[in-house]
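Report on one structure; see the data block that follows.
Each chain gets a letter, A, B and so on, in the order its sequence line appears, and its residues count up from 1. Computed from a prediction, not measured in an experiment: that's the story for all the values here.
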Protein chains: 2
Amino acid sequence: MPEKVTIADVARHAGVSRQTVSNVLNTPEVVREETRRRVLDAVEELGYRVNQAARQMRTGRSRLIATRIEPDRDGINGSVLDRFLHGLTESAARAGYRVLLYTADDDTAEIATFADLLGAYEPDAFVLTGTHHGDIRTSWLLDRSMPFVTFGRPWGVPDGTPHAWVDVDGAAGTAAATRHLLDAGHRRIGFLGWPAGSGVGDDRREGWARTLRAAGVDPAGLDRATSDGVDDGEAAARELLESGDPATALVCVSDSLALGALHTVRSPGAATPAEHRAGPPVAVIGFDDTPVAKAVGITSLSQPLAEAAASCVTLLTRLLDGDSRPSGSSGDPHPHVLLQPSLVVRRSG
Amino acid sequence: MPEKVTIADVARHAGVSRQTVSNVLNTPEVVREETRRRVLDAVEELGYRVNQAARQMRTGRSRLIATRIEPDRDGINGSVLDRFLHGLTESAARAGYRVLLYTADDDTAEIATFADLLGAYEPDAFVLTGTHHGDIRTSWLLDRSMPFVTFGRPWGVPDGTPHAWVDVDGAAGTAAATRHLLDAGHRRIGFLGWPAGSGVGDDRREGWARTLRAAGVDPAGLDRATSDGVDDGEAAARELLESGDPATALVCVSDSLALGALHTVRSPGAATPAEHRAGPPVAVIGFDDTPVAKAVGITSLSQPLAEAAASCVTLLTRLLDGDSRPSGSSGDPHPHVLLQPSLVVRRSG
DNA sequence: TACTTCTCTTTGAACGTTCAAACCCACGGA
DNA sequence: TCCGTGGGTTTGAACGTTCAAAGAGAAGTA
């Protein structure tokens, strides 16, 4: 049990009042140089640290940022959010905040957790991940004008910026991947994606389609939509590679699907018709640059996750420490950051 | 800004005093049935939630568990701690605790963070990961009799249980792997490990050596120690496979090394002398059952991470909610839990 | 001298909860 | 009738901090 040092101890030790100590720590400019030094020495000597709970009681600020930790579904894509979380913890610490974790199985459960946390721990802000069409979490928080930032843009909103967000430009990523394949001489470049309706998935598909069209290739018939499993990717890839006019390269919406595609490509079975197997191997590009992609040698798009996390914290501190005008005030759009992914080229493409 | 409901609001609404409301929530048995019901109705109706900061001020308990989130080094093994963290968050929530994150680059920095957190947020307990010989973090916490549990046993301590811990039996894991290979007819089973001195690494090596000896095979010369990189694993595996009397199977201390070993095994180059390449493929078994192992098809040892996390929380609540006798009291050893890993068999072995 | 201004510091109160002690009241026994 | 007992409830104080306002001096002005 560490001996508790309070602000009163420091005050007594430095021969000043409580409030002067508080001022030295919070608004040093109002304290005379010599007094300040004396107080700081006392702080140092006694090892004083401000008690958050007491401060929170008075100021209503907890210096806590709450965010969700997700169960890793297939274990491949989970690593993306974990890396983000690590960056978030580091950036938050630098800004004087700590990260509080919670779990929730779906949006409704997450909102219940919001209410729970707000009543009990009163986090200053939330960081949401995995935004999607008709996201009820953001509207709930907006209704209560709780500060928050999403990692993932608000999909399907006409305005575009109903709240602060940070995201990685998925379309630019798949566009870069497609361009890379075009440069390598490929023309029939397929796309393995998720079913339409997912903001992230549609965005990434669009980057591929746009780039193909710009190169004079009609993307029609060259894409397949499937759920995000390795086996699904394998099956969908087979379809594209066995069609009458088969694809010679595949851009995938995730590393899971890319891994599946690679199984199809590398399997010595009857996947690709004999007449095509003589040619160069089918190229495969994934998304997220997960450890699996690295291990297997899949070319993939790397998201700047540490940077994304840092941006989230920057936006948050601006929201929290900045002017406290009502966040719904018209005129200024909410700040947002769109980062660029980078292509990591490996054996697969 | 959610309207704040305080205990006084509930009291007024139910026509009782503050303290009675507090009693209903904390020690319901002292309140008359009818009063209790009335208060609970008021709580429900107003959506009251106890304010942690205020409670903490009075009781000194924050209901916060602090733990470290690590940067994923090579991205492969990182996933283990991430899965553990997820389980910890869930189990903690069930027990009424929240998880607070921090980062630290080394033990010294972590201790500094301990001091920081204890002064500011006053977490009720810490969960430490990655214990090792001469771990200064545990002694620091013990000196201050701060409650904590480690995931990883206290290595190199004569007593064995200077504090509560949870761990997975690595030696039993490698023993099972070795037995599995013996059953498959292998005799010359090599081990790819970390340099001696690492508790975890030595333990896992011991399980392999012990099992080989029990089967009448001398492990001498069959093991290699290297740092935990894929390339390191590849090189070390090559040594074992190119020796005069080459190994026909490899048990690896981690999936990173196993992946490296697999590269050597599968590479069609001059890795293995020609006379041996005709035989059955060299078997490889990893440790941790990471997503990479799954993706590549490496047989590996799976740690029950959710269970380990749950055990940590169980031990912690026992420490925190249980009797508060000085934890150093002699007589009763500290509680600990040793879980068994399970072998997940895949193509590689 | 007396009054104003300015800089720096101190004092009281409040945040929302729980502990410790006091209070109230019905009941049973002398 | 009076007192002790005990269940159920209330009251005052305290946790450690910061806000708002008041106070203490010194310096400047009339």
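Mapping B:N26 and A:G15 onto DNA chain C by nearest heavy atom places A:G15 at the nucleotide closer to the 5' end. In terms of position on DNA chain D, the residue among B:M57 and B:R38 whose nearest nucleotide sits closer to the 5' end is B:R38.
Taking the six-membered ring where the residue is Trp, the centroids of B:W140 and B:F114 are separated by under 6.0 Å. The ring of A:H336 has its center closer than 6.0 angstrom to the ring center of A:W165.
Checking C:dT9, C:dT18, C:dT17 against every side-chain atom of B:Q19, the shortest atom distance belongs to C:dT18. Picking from C:dC19, D:dT18, C:dT10 the nucleotide with the shortest atom distance to the side chain of A:T59 gives D:dT18. The nucleotide whose nearest atom lies closest to any side-chain atom of B:N23 is, among D:dG16, D:dT10, D:dT18, D:dT10. With D:dT18, D:dT17, C:dT17 as the choices, the nucleotide that has an atom nearest any side-chain atom of A:Y48 turns out to be D:dT17. Considering only the side chain of A:R18, D:dT18 comes nearest among D:dT18, C:dT9, C:dT18. Across C:dA14, C:dG16, C:dT17, the shortest atom-to-atom separation from the side chain of A:R58 is found for C:dA14. Considering only the side chain of A:T6, D:dT17 comes nearest among C:dG16, D:dT18, D:dT17. Nearest to the side-chain atoms of B:R55 among the listed nucleotides C:dG16, D:dT17, C:dT18 stands C:dT18. The side chain of B:R32 lies closest to D:dT9, out of C:dT18, D:dT9, D:dT17.
Within the 4.0 angstrom heavy-atom criterion, base atoms lie near A:T20.
One finds no salt bridge joining A:R38 and A:D41 here, because no Lys/Arg side-chain nitrogen approaches an Asp/Glu carboxylate oxygen to under 4.0 Å. Electrostatic pairing of A:D124 and A:R63 does not count as a salt bridge here, judged by no charged N lying under 4.0 Å from a carboxylate O. Of the charged side-chain nitrogens involved, at least one lies within less than 4.0 Å of a carboxylate oxygen, so that B:R36 and B:E33 count as a salt-bridged pair.
We find that CG of A:D9 is positioned 11 Å from P of D:dC15, with the value rounded to whole Å. Computed from coordinates, the A:E34 CD to C:dC8 C1' distance equals 12 Å when rounded to whole Å. Distance CZ (A:R49) to C1' (D:dT17): 17 Å, rounded to an integer number of Å. One atom, CD of A:E122, and another, C1' of C:dC15, lie 10 Å apart when rounded to the nearest Å. Atom-to-atom, CG of A:N51 to P of D:dT18 comes out at 10 Å; the value is rounded to the nearest Å. For the pair B:Q56 CD and C:dG16 C1', the computed distance is 13 Å after rounding to whole Å. With rounding to whole Å, A:Y121 atom OH is found 15 Å from C:dT17 atom C1'. Atom pair B:K4:NZ and C:dC15:P shows a separation of 10 Å (rounding to whole Å applied).
Under the side chain to side chain donor-acceptor pair (under 3.5 Å) criterion, A:E122 pairs with A:Q56, B:K4, B:N51, sequence neighbours left out.
Within a 6.0 Å sphere centred on CZ of B:R37, heavy atoms belonging to other residues, nucleotides or ligands number 12 at most.
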Distances under 3.5 Å between nitrogen or oxygen atoms of protein and nucleotides 23-28 of chain C:
none

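Between B:S17 and D:dT9 there is no side-chain N or O to OP1 or OP2 distance below 4.0 Å.
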For this session: Kindly indicate, with the supporting measurements, whether the criterion side chain to side chain donor-acceptor pair (under 3.5 Å) is fulfilled by A:R55 and A:N26.
Result: CA-CA 11 Å; A:R55 165 180 281 180; A:N26 299 307; 3.1 Å; yes
